[in-house]
Structures are given as C-alpha cells and as structure tokens.
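Throughout, a chain's letter reflects where its sequence line sits, starting with A, and its residues are numbered from 1. Reckoned from all heavy atoms, side chains included, excluding hydrogens, waters and symmetry mates.
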Protein chains: 2
Amino acid sequence: MTENITISHEIAAVLRDEILRQQFRCGERFPSERDLAVRFNASRGAVREALSQLELLGLIRILPGGTRVQAIDSASIAVLGPLMAMDDMPDPVLVDQFLQTFGALTSLTARTAINRADAKQLILLEEMVVELAQQLSDFEAMQPKWREFLQTMETVADNLVVRLIGNDLKAQFVEQMMKLGVKPEVEKKTLEQLLSSLQQSLANGDGDRAASAMQTHFDEVRLAVSEAMNSELMTPELTNAKPGNSKLANDRAEDLQRETV
Amino acid sequence: MTENITISHEIAAVLRDEILRQQFRCGERFPSERDLAVRFNASRGAVREALSQLELLGLIRILPGGTRVQAIDSASIAVLGPLMAMDDMPDPVLVDQFLQTFGALTSLTARTAINRADAKQLILLEEMVVELAQQLSDFEAMQPKWREFLQTMETVADNLVVRLIGNDLKAQFVEQMMKLGVKPEVEKKTLEQLLSSLQQSLANGDGDRAASAMQTHFDEVRLAVSEAMNSELMTPELTNAKPGNSKLANDRAEDLQRETV
DNA sequence: CCCTCTATTTGGTCTGACCAATTTGGTCTG
DNA sequence: CAGACCAAATTGGTCAGACCAAATAGAGGG
C-alpha cells in the first residue's frame with residue numbers, strides 16, 4: 001500500500017501481467033522500448049524504468065540488440081503476489097504450494113527459536129502460548145495474537161534469510177488471502193494439539209518437536225484452506241473460472257535458461 | 001553471469017552495497033537524484049533506473065519530496081547475495097542461516113516429491129540414489145549427480161513457490177560458496193545414512209521419512225561448512241576480518257516500517 | 001545454399017527542460 | 001516565545017530529441 005503510482009510502475013505492472021499470463025513465449029523478443037513508449041503513450045525513459053524493474057524480477061532480459069522474455073521458473077519470488085492476484089480467484093494449487101512453503105519455514109523458525117531462546121524468551125513464548133490457548137474459541141481475536149507469536153518466534157530465531165523470504169511471502173500472500181476473505185476453519189481440537197505440543201516443546205526446549213507440531217498444523221491449515229476455497233468461493237463473479245493457470249506450475253520443463261549470449 | 005554491465009547497474013550496485021553496509025540509517029533521506037547524477041558523473045536517467053531497482057529490492061522508498069532508506073529487514077531476498085558477497089569472507093552466521101533455510105526447503109521438496117511421484121518417477125529417483133551410493137567416495141564426481149538428483153526431485157515435487165525461492169537462493173549462495181572453494185567434509189557414514197534412508201523412503205513412498213533424513217543431513221552439512229569456514233579460511237588476505245557484520249542479523253528490532261505516508 | 005557485407009533496429013546514455021508535490025525556512029501573528 | 005502561515009528552493013515524475021555502439025536482418029555476391 002501507499003504505493004506511489006507512477007507511469008513506469010503502471011507500465012511495469014501491465015507488462016508483468018502480460019508476461020505472467022504467458023502472452024509471450026519464453027525466449028521470444030520483447031517489443032522494443034520505442035514501440036512500448038508509443039503503445040503506452042509515454043516517454044522512453046518511463047519505459048526503460050519499467051523494463052529495468054521487470055529485469056530485476058527475472059521476467060525479461062535486456063541486452064543490446066533486443067530484450068527477451070524469460071521463463072517464469074527463473075523469475076524472482078516477487079512475482080508470486082502478482083501471479084496470485086491476477087485472476088480474482090487465485091490458483092488453488094499455488095495457494096497450497098504457498099502454504100506448504102510457509103509451513104516449512106515456520107517450522108524451521110519454531111525449531112530454531114526454541115533451540116536458541118534463553119530462559120527469559122522461553123518464558124515469554126510460553127506465556128504467549130497460554131494466552132492463545134485461552135482464546136481458542138474466538139478465531140477473530142486469536143488471529144493477531146497468533147501473528148504476534150509467530151513474529152516473536154521469528155525475532156528469537158533471528159534468521160535473516162527466513163525473515164527476508166517471509167517478507168516477500170507474507171506481503172504477497174497473506175494480504176491477498178485477507179482480501180479474499182478466505183477463513184479456513186481449522187478444528188479446535190487440532191489447534192489444541194498444536195498449542196499443547198508447543199507448550200511442552202517450550203518447557204523441554206525441544207525444538208524438533210515444536211517443528212514437527214508446526215508442520216502438522218500447517219498441513220491441517222492447508223486442508224482447511226483448500227476446502228474453504230472450493231466451497232465458499234462460488235462468489236459473485238465466477239465468470240472467468242479458468243481451470244487452467246494451474247498449468248503455470250507444470251509445463252515448461254526445461255528452457256533456454258543458461259544460454260550464454 | 002553474462003551480466004550486461006550498465007551504468008545504471010553499476011550505480012545500483014554501489015548504492016546497494018552502501019545501504020547494506022549501513023552507511024545510511026533507516027528512514028534517513030537518501031541523496032537526491034541530481035546529486036547522485038553528479039556524484040556518479042552520469043545522467044539523471046541512469047540514476048533513476050538504478051533507484052528504480054533499489055526500490056524493487058526494498059532498500060529504498062522513492063516518493064515525491066525525497067527518497068528514504070528502508071530497514072534491511074524489509075528488503076527482498078535478492079539482497080542476500082550481495083550481502084554475502086560484500087566482504088571477501090561471507091558472514092558465517094549468514095551462511096549457516098542460509099543452509100538452514102535451504103535445508104528446510106529441500107526437506108520439503110523431498111517430502112512432496114515422494115508423496116507425489118508416480119511409479120515411474122519413484123523408480124527413476126531410486127536409480128539415481130543407487131548411482132549416488134556407488135560414488136560415495138568420489139566427492140568431486142558425486143557433486144553434479146547430487147545436484148541432478150535434487151533438481152529431479154524439484155521437478156517431481158513441482159512446487160513453483162519453492163522453485164522460485166530456490167532460484168534466488170541458489171543463484172546468490174551456491175555460486176558464492178563455489179567461488180570461495182569451501183568444500184565441506186561430510187563424513188561418508190553420514191552420507192551413507194542419508195542415501196539409505198532415501199532409498200527406503202522411496203521404496204515405501206514415505207515422504208516424511210525422506211524429509212527428516214534430508215533435514216538431518218543438512219544439519220551435518222551445516223556443521224561441516226562451519227568448520228570448513230573456520231579453518232580453511234585463513235587464506236591470503238584476512239586483513240579486514242571484521243567480526244561484526246553478523247550484527248546485521250541482530251539489531252534493529254522494530255522500525256518505522258509501516259509508516260503510512 | 002551459404003557466406004558476407006551493409007542498412008536498420010535496438011539498447012545505453014546524455015542534455016535540458018517543465019510540472020507538481022513536498023520540504024524548508026523565514027516571516028508574521030497571537 | 002510558540003505557533004500558524006506563506007513563499008522559495010528542492011525533489012521526484014515525465015517528456016522530447018539526439019548520438020553512439022552493438023546486434024540484427026536483409027540484400028547481394030560467391
């Protein structure tokens with residue numbers, strides 16, 4: 001949010017989406033800067049800024065003689081958000097993959113956090129878990145606490161790599177899901193299990209156990225989200241319910257990725 | 001590689017490093033485009049392209065009235081490579097975090113791959129493991145096979161999110177480590193264990209087991225790399241053996257990240 | 001049909017200019 | 001002296017037009 005709407009950003013967004021929609025074949029020539037400038041009724045400078053961004057996203061490759069389109073597989077994570085936000089209903093496959101990944105990283109965070117935490121931090125975390133357990137029934141109220149807990153764990157684990165990945169992932173995904181109002185219904189029993197496991201892990205300083213509990217929990221969430229998306233999502237416009245797009249994750253086995261020019 | 005050396009890229013690289021080296025405090029004003037143009041003896045256009053990239057990296061925030069520096073924590077993963085490549089010896093802490101993360105993702109990949117693989121793919125994977133086991137003693141020769149194996153698993157697992165993250169991570173890290181010639185000495189016994197676990201997992205279609213084996217293995221690798229870096233790395237220039245820089249991952253708890261302007 | 005050599009295209013960069021929004025600094029007022 | 005206020009300087013956003021070097025495409029010759 002607070003996005004600074006700029007011509008170059010707009011151009012970048014449009015072109016990005018076109019590429020993500022596979023309107024260009026990988027390796028194909030991209031329109032020249034001058035052409036794009038005409039098309040968008042903008043100056044070449046603006047276009048160049050846009051292309052500069054697309055290049056950083058790994059979507060195109062700018063080189064003298066002509067710009068070329070790259071395979072989506074070789075793009076940066078930053079394209080995930082747009083990829084999911086493109087259609088009004090994000091690809092369920094992608095969402096699931098997302099949750100899997102997020103789960104794995106959260107699991108790692110939990111493990112590291114518990115293994116690294118000092119006595120004080122352990123107590124703090126434990127308190128948070130207890131607090132969470134008390135609000136088990138109130139999903140809405142629990143949400144922020146849960147996030148806070150995750151964030152605290154992140155801080156304790158203090159893994160910059162995970163945090164950076166988390167930034168991109170969260171920024172692009174969580175927001176998207178929120179906007180769609182997807183509320184996965186996780187069974188209370190499952191949550192109870194998670195919290196109790198966490199509590200014990202914290203008590204024993206058993207990071208591995210916490211990791212595995214977190215893992216299990218995320219698998220449940222994945223299931224719940226999947227169901228929520230399948231049912232609840234027969235919302236207003238289901239006009240363009242393209243079943244495809246999932247193929248984004250499939251085809252295009254190997255490409256001319258490392259063609260040294 | 002095959003990088004298209006451009007003024008704007010150079011400028012971006014220089015400024016990026018300066019920001020990563022904390023030469024600007026978070027939130028602080030960034031030099032104006034015109035000033036930068038003078039400093040780099042370049043045109044404003046070139047500078048703008050550079051800034052455009054830095055913005056996408058999440059390092060700065062361009063808005064009318066002035067550009068401001070952002071907290072590293074809120075940057076994109078793409079800064080990890082530069083962050084590690086800055087000093088001639090990458091921060092061991094960062095390397096470890098990197099391996100942890102990579103391990104978690106690889107672990108996930110293994111799990112998914114085995115759970116999703118069809119009969120044919122299972123056989124293929126198993127063959128690869130067997131082949132690997134036969135070359136246990138030849139580290140050099142094994143390396144490419146190992147990579148191939150991982151890549152095949154990635155393909156089978158078919159998780160776009162992981163793949164994209166992997167792109168960034170590999171591109172920025174593996175290369176860096178290679179260049180440094182860090183060769184972790186993992187005990188053969190450990191490798192044997194991993195391979196045998198993998199083999200059985202493949203036979204039983206037990207993804208969880210494979211995941212856990214992979215996890216264990218990466219923990220070993222982390223240890224080995226850590227040792228390798230501590231000893232072997234008393235190479236030529238140890239002039240600037242700044243023990244700091246690790247602090248990058250520590251300080252700066254919370255910042256003015258969500259200041260809505 | 002292949003190779004070679006131009007003419008064109010394309011990216012890379014610069015200069016200089018104008019607008020609108022923000023910042024800044026000083027002035028005026030209570 | 002504090003605070004509101006206004007104007008000038010600064011800063012980003014964008015455009016137009018121009019030149020260079022490298023790469024491409026196409027015509028022509030072998």
Can you tell if the side chain of [X] reaches within under 4.5 Å of the side chain of [Y], non-hydrogen atoms only?
X       : Y       : value
R44(B)  : L36(B)  : no
M229(B) : P90(B)  : yes
V161(B) : Q100(A) : no
R39(A)  : L15(A)  : yes
I60(B)  : F24(B)  : no

* To do: Ignoring backbone atoms, test whether T67(A) places a side-chain nitrogen or oxygen under 4.0 Å from the OP1 or OP2 oxygen of dT10(C).
  => no
Write down the distance between [atom1] ([X]) and [atom2] ([N]), rounded to a whole number of angstrom.
X      : N       : atom1 : atom2 : result
D35(A) : dT24(D) : CG    : P     : 17 Å
L36(B) : dC14(C) : CG    : P     : 13 Å
I62(A) : dA23(D) : CD1   : P     : 16 Å
F30(A) : dG11(C) : CZ    : P     : 10 Å
R29(B) : dT10(D) : CZ    : P     : 12 Å
L63(A) : dA21(D) : CG    : C1'   : 14 Å

* E49(B) side-chain N/O to A12(B) backbone N/O, donor-acceptor pair under 3.5 Å -> no
Report each atom pair, protein N/O against N/O of nucleotides 14-18 of chain D, whose distance is under 3.5 angstrom.
unit_1  : atom_1 : unit_2 : atom_2 : d
dT14(D) : OP1    : I7(A)  : N      : 2.6
dC15(D) : OP2    : S43(A) : N      : 2.8
dC15(D) : OP2    : S43(A) : OG     : 3.0

* About how many Å separate CD of E154(A) and CG of N167(A), when rounded to the nearest 0.5 Å? -> 7.5 Å
* Asked: Pairs counted as Watson-Crick or G-U wobble with both distances under 3.5 Å: what dot-bracket string results for DNA chain C, using | for bases tied to another strand?
  -> ||||||||||||||||||||||||||||||
* **Closest-nucleotide ordering on DNA chain D, the 5'-leading residue of G66(A) and L51(B)** => L51(B)
* Asked: Looking only at side chains, do Q53(B) and S52(A) share a donor and an acceptor under 3.5 Å apart?
  -> yes
* Tell me, please, which residues at least two apart from F40(A) pass ring pair (Phe, Tyr, Trp, His ring centres under 6.0 Å). => none
